[in-house]
There are 2 protein chains.
Amino acid sequence: MGDTDLAALGRLLADSSRATMCTVMLDGRFHTAGELARAAEVAPSTASEHLTRLVSGGLVEGDRQGRHRYYRLAGADVAAALESLALVAPERAVTGLRSSSASAALRRGRTCYDHLAGELGVRLTDALIRRNVITDEFALADAAPLRELGVAVPAPADGASRRPLVRGCVDWTERRHHAAGVVPAALATRLFDLGWVARVGSGRAVRLTGAGEAGLVGALGSL
Amino acid sequence: MGDTDLAALGRLLADSSRATMCTVMLDGRFHTAGELARAAEVAPSTASEHLTRLVSGGLVEGDRQGRHRYYRLAGADVAAALESLALVAPERAVTGLRSSSASAALRRGRTCYDHLAGELGVRLTDALIRRNVITDEFALADAAPLRELGVAVPAPADGASRRPLVRGCVDWTERRHHAAGVVPAALATRLFDLGWVARVGSGRAVRLTGAGEAGLVGALGSL
DNA sequence: GAGCCGTTTCGGTGGGCACCGAACCGTCCC
DNA sequence: GGGACGGTTCGGTGCCCACCGAAACGGCTC
């Protein structure tokens, strides 16, 4: 009986299979229905039903290409909402060695929809603050070092209504903020292109390469 | 099978009674169990069960005083997560005149946990930006006008790990950001003390008083 | 065309849980 | 003290929905 239908959204996340699928899709990329079914450990038919509900609920969007069907989160605001929920969510007991090492990799570095998070994300954020690229209040200060790296930094925002160039994003493993927004997203894309960060396995986990370590220290003075 | 138990949190919000209670508690204040039961339109026994679950889930904290028991949201991060969810949640169809005028009042002005939101919130945010109290990237710039109003502004943050003095908070009715954080929260408290904003009814809705209109224009140059 | 494969739809089954009324407990007031 | 009242606990009922297998529906390949 409220103003918005919070409960409908809660029901979508209430199921562990759907929650797992959403967590997988937090990397912002497309995933096939079968891949999501395996991740959630349910039959393809069950996964299909879940995905239909997620789409009609507006959390996920689908794109059919050939005989495959690709799904991803519906937008950055959805990813932000899920991340802020994950911050509140209690830590889950780790079961087994494989998931333990997997979550350790996630803690070290991962993508958060379109930018970098985890230890790597906050290290990068702190380096950007020290180099005065952004302020400690997450405002863009000096974009020159980024432009030298080949990052496409758009013109400053003309109002508060646009998506911010830089904003703070809660990091649920580090329990603090890291840099998000248009500029950090562009930076993340560029770092992938340069080969300075690379994906670990097929999930969200990423790591800093040797060239990335050297390159970022050179560009920002520290890391 | 994820890293945190997102599904458990979703289950808490999945029930419409619990969701309504959480929406009521979004004002950050304490509410009695009976009041929340009436808001959700369920028997007191049912409400009690819901509140027990919300507490054990970490979303809500309770405080017994006398024969009453008061409940409120567990923290600002919980409120932020709920607000970001409400932004994603689809608009709900308005049923009846009473809820229509109530939601209209909410759109005009309301408290968002500890600061101001709605039309009033974004007008205030824009005035703060025009007056250069904060930047359009939600960083604190010049606290002098606030101190003249009697707002207690703490010293600048010494690192990125503390709760930010100012941050952007999504406004689900205005579909843009308004100012949140330590400073806007202190400002809201001060405006209540001055009588410049007052609550409308018993819920989250607030309105700007005549004295508030004049006082804020005087302090900030515009509104 | 036939065959394969990824995906979706459809019945049927089972478990979880929201709900209420009744009983119980603690606090306040006369 | 007794009575009223707010809140919680406890059984019992009924609904919602996650799950699977089987079958149908594309699209791709040979």
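Because only heavy atoms are used, hydrogens play no part in the values below, and waters and symmetry mates are left out as well, while side chains stay in. Letters A, B, ... are given to chains in the order of the sequence lines, protein chains preceding strands, and every chain is numbered from 1.
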Subject >> Donor-acceptor under 3.5 Å (A:Thr209 side chain, A:Trp196 main chain) >> reply: yes

Original post:
Roughly how far, to the nearest 0.5 Å, is the CG atom of A:Leu120 from the CZ atom of A:Arg123?
Top reply: 7.0 Å

Protein and nucleotides 26-30 of chain D: nitrogen or oxygen contacts under 3.5 angstrom:
{"residue": "D:dG27", "atom": "N2", "partner": "A:Arg67", "partner atom": "NH1", "Å": "3.2"}

Original post:
In whole angstroms, how far is the P atom of C:dT7 from the CE atom of A:Met21?
Top reply: 11 Å

Just the table, please: protein N/O against nucleotides 20-23 of chain D N/O, every pair under 3.5 Å.
{"residue": "D:dC20", "atom": "OP2", "partner": "A:Ala43", "partner atom": "N", "Å": "2.9"}
{"residue": "D:dC20", "atom": "OP2", "partner": "A:Thr46", "partner atom": "OG1", "Å": "3.0"}
{"residue": "D:dG21", "atom": "O6", "partner": "A:Ser45", "partner atom": "OG", "Å": "3.1"}

Subject >> Nucleotide D:dT8, atom P - distance to CG of B:Leu36 in whole Å >> reply: 10 Å

Original post:
Which of these, B:Met25, B:His50, B:Arg53, sits in a side-chain contact (heavy atoms from CB on, under 4.5 Å) with B:Val60?
Top reply: B:Met25

Original post:
Can you check whether B:Gly121's main-chain N or O pairs, donor with acceptor, with B:Thr125's side chain at less than 3.5 Å?
Top reply: yes

Original post:
Within the side chain of B:Arg147, is there an N or O that forms a donor-acceptor pair under 3.5 Å with the backbone of B:Val153?
Top reply: yes

Original post:
NA contact type, A:Tyr71, heavy-atom cut-off 4.0 Å: base, sugar-phosphate, or nothing?
Top reply: sugar-phosphate

Original post:
Is there a side-chain polar atom (N or O) of B:Arg69 under 4.0 Å from OP1 or OP2 of D:dT8?
Top reply: yes

**OP:** Starting from P on D:dT9, measure out to CZ on B:Arg53 and report it in whole angstrom.
**Re:** 14 Å

**OP:** Figure out the CZ/C1' separation between A:Arg18 and D:dC16, and round it to whole Å.
**Re:** 12 Å

Original post:
Whole Å only: how far is the CZ atom of A:Arg11 from the C1' atom of D:dC15?
Top reply: 13 Å

Subject >> Shortest side-chain distance from B:His68, nucleotide among D:dG6, D:dC19, D:dT8 >> reply: D:dG6

Original post:
A:Arg38 CZ to C:dC5 P: how many Å, rounded?
Top reply: 14 Å

**OP:** Check the pair A:Leu124, A:Leu191 against side chain to side chain contact (heavy atoms under 4.5 Å, CB included), reporting the backbone distance first and the verdict last.
**Re:** CA-CA 11 Å; A:Leu124 188 59; A:Leu191 293 180; 4.1 Å; yes

**OP:** For C:dC17, take OP1 and OP2 only and decide whether either is under 4.0 Å from a side-chain N or O of B:His50.
**Re:** no

**OP:** Give the ring-plane orientation class for B:Tyr70 versus B:Phe30, where under 30° counts as parallel, over 60° as perpendicular and anything between as tilted.
**Re:** perpendicular

**OP:** Round to a whole Å and report the spacing from CG of B:Leu51 to C1' of C:dC19.
**Re:** 15 Å

Original post:
Does the side chain of A:Met21 come within less than 4.5 Å of A:His31's, by heavy atoms?
Top reply: no

**OP:** May I ask you to decide if A:Leu12's main-chain N or O and A:Arg18's side chain share a donor-acceptor pair within less than 3.5 Å?
**Re:** yes

Subject >> Spacing between A:Leu12 atom CG and D:dC16 atom C1', to the nearest angstrom >> reply: 15 Å

**OP:** Kindly point out which of C:dT8, D:dA18, D:dT8 is positioned nearest to the side chain of A:Asp15?
**Re:** D:dA18

